[in-house]
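Positions are given from 1 along the sequence.
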Amino acid sequence: MYKKLLVMLLCGIMLISVFAGCANSGSGDDTTGGNVEEDTQWISADLEENENLKDMQINILCNSATDMAPEENNSADPLEDAVYRRDDKIESYYGCELNALVEADYVTLGNKVKNDVTSGTGDYHIVYQHMVNSACTLGMGNCLYNLTELNHVNFDNPWWDQDCKNGFMIGDNMMLACGDLLPSSMLITAAVMFNKNLFDQQGIDMPYDDAREGTWTLDDMLTITKDQTGDLNGDGKVIYTDDFYGLVGWSLDCDYNFYFGAGCTMFTHDDDHLPVYEPDVDRLQTVYDKIYKLIVTQNAFHVTVPEYQANNAMYTEPNNVFKQGRALFYAGYLSAGTGLREMEHDFGILPQPKYDEKQAEYLSFVNGAASTVVVPKSLSEADLDVAGYMLEVLASTSYYMVTNTLYDKVAKSKNARDPESAEMVDVIIRHRVFDFGYTHFHEKGLPCASIIQTALNNSSPSIIKDITKSEKNTKKALRDVLKAYGYEP
């Protein structure tokens, strides 16, 4: 019944009718994710011809090789194949070259951008960079161009994440964006896996209907996982190497996923879309009470940051426990679903549970390690026009030619081929959320960014004291952020 190993998560194939329905700016022809024929929609219908791109080399500095095509087509990997054909389509159509410059170390990449801006060389038209570094280092360092001022880009189109304004926009400045042009970022989206075999064995109803009807909540997870954690081998103690858990996860993933999935945030925006620090402490504590019960009281296998620091391999152990069939739920991301191919049991995919049924939407948090797209301030006016045009080209072409294949690749793990999970994945991806406090304050170590992780790591039942005692420092840090973006608080 129990096997070995795991990695992370999965995804589902997007239903063609859903995908075609989302393509509201195209011709309405259906797309098959990387199998676009010449007469089907493959790019935004709003883009006009651009002869200026002919024979031009467009330099894209990126943090993940997943976001740009490999040097040679790799039909064995469907996602690489789709990205390769996307770039080939663009290059053939416009007569240009997409020159990918991959720098896996995001600190080094950030320094390259800063040096480029300082010297004014304008070496990079587009940059794909680590979200938190983009905000805290490049954005606040006055290195980035305001994306809302770019020609050709329309952030209302479905290939752009619609919550970017909440996470990244300060006043009328939005230096960062996310969307379908970044497959690596799409995969770092919060989701919940569950073991379908174990649900059948225990006579637990599959949560798909609840999720579809908008009634999948934290209370549901609490009910299902209650009294599940237990001693399998009878040695009188519960240890992750041998025993069973209702829920498994690791602190830098599941803590934030549940917190933001329940609609928590400490910042609002005023009429000018400037961030305001106004935490509703009572509500935040009410939500935390449920998360605390789910993880601490009900004895989930929850790897903390101190445990990871003592042994870096620990963060993979929740994956291993789930893969071995010793957990009902795994809270993680759509980041490594193909790693579950060896799992003996079948599993399903669910969005993050709502706080309660009154919550309007499911919310899928995007981890700060995800890539975002930025444009350096060092570009000339002509190159800025090219950057804006190519951003819309890459985003829309990815929407039609890549995203469905991204779903398909992860969904075709042999254990997750069910239409219900496919439907859930579409909900997950199209409800991605970004938080201003997490993005801009995580590196400062303030509770407005890390309170949930710190409290759960310490098994603390309350977050109120830490929020209130840091109010002065948080407001001072917010003033610094606003000044960095050119606003006097």
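When all heavy atoms of Y362 and Q352 are compared, the pair lying nearest together is CD2-O, 3.3 Å. Smallest separation of non-hydrogen atoms from S396 and S44: OG-N, 3.1 Å. The minimum heavy-atom distance linking P183 with V83 is given by the pair CG-CG2, 4.3 Å. Closest approach of D180 to A395, counting heavy atoms only: CB-O, 3.9 Å. Contact between L363 and F260 at its shortest, heavy atoms only, is CD1-O, 3.6 Å.
In the displayed structure, Y292 atom OH is contacted under 6.0 Å by more than 12 heavy atoms of other residues, nucleotides or ligands.
Between L222 and the options D219, D220, I224, a side chain to side chain contact (heavy atoms under 4.5 Å, CB included) holds for only D219.
Atom CD1 of I188 sits about 9.5 Å away from atom CG of D253, to the nearest 0.5 Å. Atom OG1 of T474 is separated from atom CD1 of I467 by 9.5 Å, given to the nearest 0.5 angstrom.
Both the sub-6.0 Å distance and the 45° axial angle are satisfied by K290 relative to the ring of Y355. Geometric assessment of K89 against the ring of W42 yields a positive cation-pi assignment under the 6.0 Å and 45° thresholds.
When atom types are taken as modelled, the side chain of T304 and the backbone of E307 share a donor-acceptor pair closer than 3.5 angstrom. At least one donor-acceptor pair under 3.5 Å links the side chain of Y245 to the backbone N or O of Y240. Although no hydrogens or angles enter the test, the distance criterion places a donor-acceptor pair under 3.5 Å between the side chain of N367 and the main chain of A369. Judged by distance alone, with hydrogens and angles left aside, the side-chain atoms of E361 form no donor-acceptor pair with the main-chain N or O of Q359 at under 3.5 Å.
With no hydrogens or angles considered, a side-chain donor-acceptor pair links N320 and E317 at under 3.5 Å. Residues T189 and R432 have side chains that bring a donor and an acceptor to within less than 3.5 angstrom of each other. Using modelled atom types and a 3.5 Å distance limit, the side chains of N257 and Y333 yield a donor-acceptor pair. Using modelled atom types and a 3.5 Å distance limit, the side chains of H302 and D255 yield a donor-acceptor pair. Side-chain contact annotation: N166 with D435, donor-acceptor N/O pair under 3.5 Å absent. A donor atom on one side chain and an acceptor atom on the other are found under 3.5 Å apart for Y208 and S421. For the residue pair D200 and N197, no side-chain donor N or O sits within less than 3.5 Å of a side-chain acceptor on the partner. A donor and an acceptor atom, one from each side chain of S134 and Q129, are nowhere located under 3.5 Å apart. Under 3.5 Å, the side chains of Q453 and Y256 contain a donor-acceptor pair of N or O atoms. E392 and W159 are linked by a side-chain donor-acceptor pair at a separation below 3.5 angstrom, with hydrogens and angles left out of the test.
For F267 and Y438, the ring centers sit 6.0 Å or farther from each other. If you look at F347 and F194, their ring centroids are not closer than 6.0 Å. If you look at F329 and F199, their ring centroids are closer than 6.0 Å.
Side-chain contact between N195 and Y330 is absent, with no heavy atoms from C-beta onward closer than 4.5 Å. For the pair H345 and Q324, the minimum side-chain heavy-atom distance is 4.5 Å or more. Counting heavy atoms from C-beta outward, L328 and I204 have side chains that approach closer than 4.5 Å. The side-chain heavy atoms of M314 and Q309, taken from C-beta on, include no pair separated by under 4.5 Å. Counting only heavy atoms from C-beta outward, the side chains of I170 and F436 approach each other to under 4.5 Å. Within the 4.5 Å cutoff, no side-chain heavy atoms of M131 are placed close to those of S371. In this structure the side chain of P351 reaches within 4.5 angstrom of the side chain of M424, judged on heavy atoms. Contact of the V373 side chain with the V127 side chain is not registered, since no non-hydrogen atoms from C-beta on lie closer than 4.5 Å.
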**Report entry** CA sep, side-chain torsions, deciding dist, call: T229, F244, side chain to side chain contact (heavy atoms under 4.5 Å, CB included)
**Finding:** CA-CA 5 Å; T229 295; F244 189 87; over 6 Å; no
Query - Test side-chain hydrogen bond (donor to acceptor under 3.5 Å, both in side chains) applied to D356 and T217, step by step - result: CA-CA 5 Å; D356 59 22; T217 67; over 6 Å; no
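A salt bridge does not link D289 with R283: none of the charged nitrogens is closer than 4.0 Å to a carboxylate oxygen.
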